[in-house]
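Encoded as structure tokens, the structure appears first; notes follow it.
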Amino acid sequence: MRDIIKCLLICILCEFQGVSQSSKSTLYFPNAFIYEVGRGNEKSELWIYHNPQKGQYLYVPNDDMVKAVLGSPNGIYKTYAQTEDGKKVIFTTKISKVLEKSKPNNRLKSINSNRRINASQGQILSKGFTLSYLKTNEIDTLFLSTQIKGNANVLYGFSMLDGDDKLPNSFALLGEVPNSQFLTEYVSKYSSVKLIAYESNPYQFDVKGYKSIK
């Protein structure tokens with residue numbers, strides 16, 4: 001009887017270890033930000049996956065080499081790429097500004113305008129602001145929401161990456177807005193960004209076989 005119980009315990013342990021190892025090789029994101037990005041007469045959708053529990057974000061660009069970019073609350077961004085000869089590699093970038101505390105911004109002014117966005121979790125209320133740029137004398141309009149839980153700095157940090165890893169300049173809000181405020185709309189002279197949904201849309205990315213480049 002003891003031998004049977006021992007065998008059962010070993011089987012359960014093996015299965016648990018298998019699940020644990022499998023989960024470590026898979027990044028899971030239950031939610032997604034879906035933005036509409038406009039530039040001139042062209043419009044496209046931009047998806048950014050979000051794991052609120054871990055505070056991580058995943059951007060999957062339409063690129064042959066860059067498969068995904070993972071942003072974490074510690075300011076570490078990992079680019080999962082595939083070389084021309086088929087090797088799976090990870091490029092790591094540290095953006096320390098993600099960890100900096102928000103400071104008062106005199107160029108960010110509140111305006112008497114609000115927006116409501118329908119989401120699977122309910123309506124998202126956003127408050128309007130203007131953001132002025134001293135060098136260009138331009139003033140952009142943006143809407144921000146505190147109803148989405150998470151650290152928005154991690155999302156904005158994607159705009160500081162290079163090449164295909166990078167989000168549009170409308171997300172370049174590190175240090176400009178508090179990290180509790182998520183961008184729901186941005187209108188400038190050159191482009192626009194609008195959140196059309198924040199919803200439950202599970203996504204998994206398999207990181208098995210990728211190796212870090214030192």
Side-chain angles (χ1 to χ4, degrees), residues 7-37 44-99 119-122 124 147-168 171 174 179-180 182-183 195-214:
C7 288
L8 287 172
L9 289 173
I10 291 174
C11 289
I12 293 171
L13 179 60
C14 289
E15 288 183 6
F16 175 79
Q17 288 177 338
V19 171
S20 179
Q21 290 173 359
S22 175
S23 63
K24 286 182 179 179
S25 67
T26 303
L27 301 176
Y28 176 72
F29 300 85
N31 298 339
F33 291 87
I34 306 173
Y35 287 94
E36 180 184 80
V37 179
S44 60
E45 280 191 0
L46 173 66
W47 288 57
I48 303 164
Y49 300 98
H50 184 208
N51 186 324
Q53 185 176 2
K54 293 186 176 181
Q56 293 180 323
Y57 301 77
L58 189 78
Y59 172 45
V60 183
N62 184 18
D63 187 85
D64 291 335
M65 296 185 66
V66 178
K67 302 303 179 183
V69 187
L70 175 70
S72 299
N74 59 0
I76 297 294
Y77 292 78
K78 293 183 178 181
T79 299
Y80 295 87
Q82 189 168 343
T83 62
E84 292 182 356
D85 56 357
K87 292 181 180 178
K88 294 182 175 182
V89 296
I90 304 172
F91 298 98
T92 301
T93 304
K94 172 75 173 181
I95 300 180
S96 300
K97 198 170 182 180
V98 169
L99 305 177
S120 59
Q121 293 87 348
I124 297 175
Q147 288 188 272
I148 300 172
K149 302 302 180 183
N151 183 355
N153 274 3
V154 185
L155 175 63
Y156 302 145
F158 281 91
S159 67
M160 299 187 69
L161 299 174
D162 296 323
D164 295 321
D165 306 359
K166 186 176 182 178
L167 288 184
F171 289 90
L174 267 180
N179 64 359
S180 61
F182 282 85
L183 179 68
L195 182 68
I196 55 178
Y198 176 73
E199 63 184 21
S200 174
N201 203 315
Y203 184 84
Q204 294 184 3
F205 180 71
D206 187 7
V207 299
K208 186 178 181 180
Y210 284 91
K211 295 183 179 180
S212 296
I213 298 295
K214 296 182 180 180

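Throughout, residue positions are numbered sequentially from 1 according to the sequence presented.
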Minimum heavy-atom distance Pro61-Val66, with the two atoms named: CG-CG1, 3.6 Å
Test item: Gln204 and Pro202 side chains (from C-beta on) under 4.5 Å apart, heavy atoms: no
Ring center gap for Phe29 and His50 short of 6.0 angstrom: no
Stepwise side chain to side chain contact (heavy atoms under 4.5 Å, CB included) test for Phe91 and Asp162: CA-CA 11 Å; Phe91 298 98; Asp162 296 323; over 6 Å; no
For residues 148-160, run the donor-acceptor check on the side chains, cut-off 3.5 Å, and write out each pair with its distance to 0.1 Å, sequence neighbours left out.
{"from": "Asn151", "atom 1": "OD1", "to": "Asn153", "atom 2": "N", "distance (Å)": "3.0"}
{"from": "Asn153", "atom 1": "ND2", "to": "Val98", "atom 2": "O", "distance (Å)": "3.2"}
{"from": "Tyr156", "atom 1": "OH", "to": "Gln181", "atom 2": "O", "distance (Å)": "2.6"}
{"from": "Tyr156", "atom 1": "OH", "to": "Leu183", "atom 2": "N", "distance (Å)": "2.9"}
{"from": "Ser159", "atom 1": "OG", "to": "Tyr156", "atom 2": "O", "distance (Å)": "2.7"}
{"from": "Ser159", "atom 1": "OG", "to": "Phe171", "atom 2": "O", "distance (Å)": "3.4"}

Residue pair Pro168 / Val37: nearest heavy atoms and the distance that separates them: CG-CG1, 4.4 Å
Pairwise distance CG(Asn74) to CD1(Ile76) - rounded to 0.5 angstrom: 5.0 Å
OG1 on Thr93 to CD1 on Ile95, rounded to 0.5 Å: 6.5 Å
Atom of Ile196, atom of Glu36 and distance for their closest heavy-atom approach: CG2-CB, 4.1 Å
Separation of Leu161 CG from Tyr77 OH (nearest 0.5 Å): 6.5 Å
Heavy-atom donor-acceptor pair, Asn51 side chain to Tyr28 backbone, under 3.5 Å: yes
Contact summary for Phe205 and Tyr210, nearest pair of heavy atoms: CZ-OH, 3.8 Å
Euclidean distance, Phe33 CZ relative to Tyr59 OH, rounded to 0.5 Å: 15.0 Å
Non-hydrogen atoms of Gly75 and Leu99 that approach each other most closely: N-CD2, 4.2 Å
Parallel, tilted or perpendicular: rings of Tyr49 and Tyr203 (30°, 60°): parallel
Beyond-backbone contact of Ile213 with Lys87, side-chain heavy atoms, under 4.5 angstrom: no
Exercise: identify the closest heavy-atom pair between Asp63 and Lys67: O-NZ, 4.4 Å
Set of side chain to side chain contact (heavy atoms under 4.5 Å, CB included) partners for Glu84, sequence neighbours left out: none
Working for side chain to side chain contact (heavy atoms under 4.5 Å, CB included), residues Asn201 and Trp47: CA-CA 10 Å; Asn201 203 315; Trp47 288 57; 3.3 Å; yes
Separation between OH of Tyr35 and OG of Ser44, rounded to the nearest 0.5 Å: 14.0 Å
Point-to-point distance, once rounded to the nearest 0.5 Å, from CD1 of Ile90 to CG of Leu70: 9.5 Å
Qualifying salt bridge (Lys or Arg N to Asp or Glu O under 4.0 Å) pairs, either residue in residues 46-60, two or more places apart: none
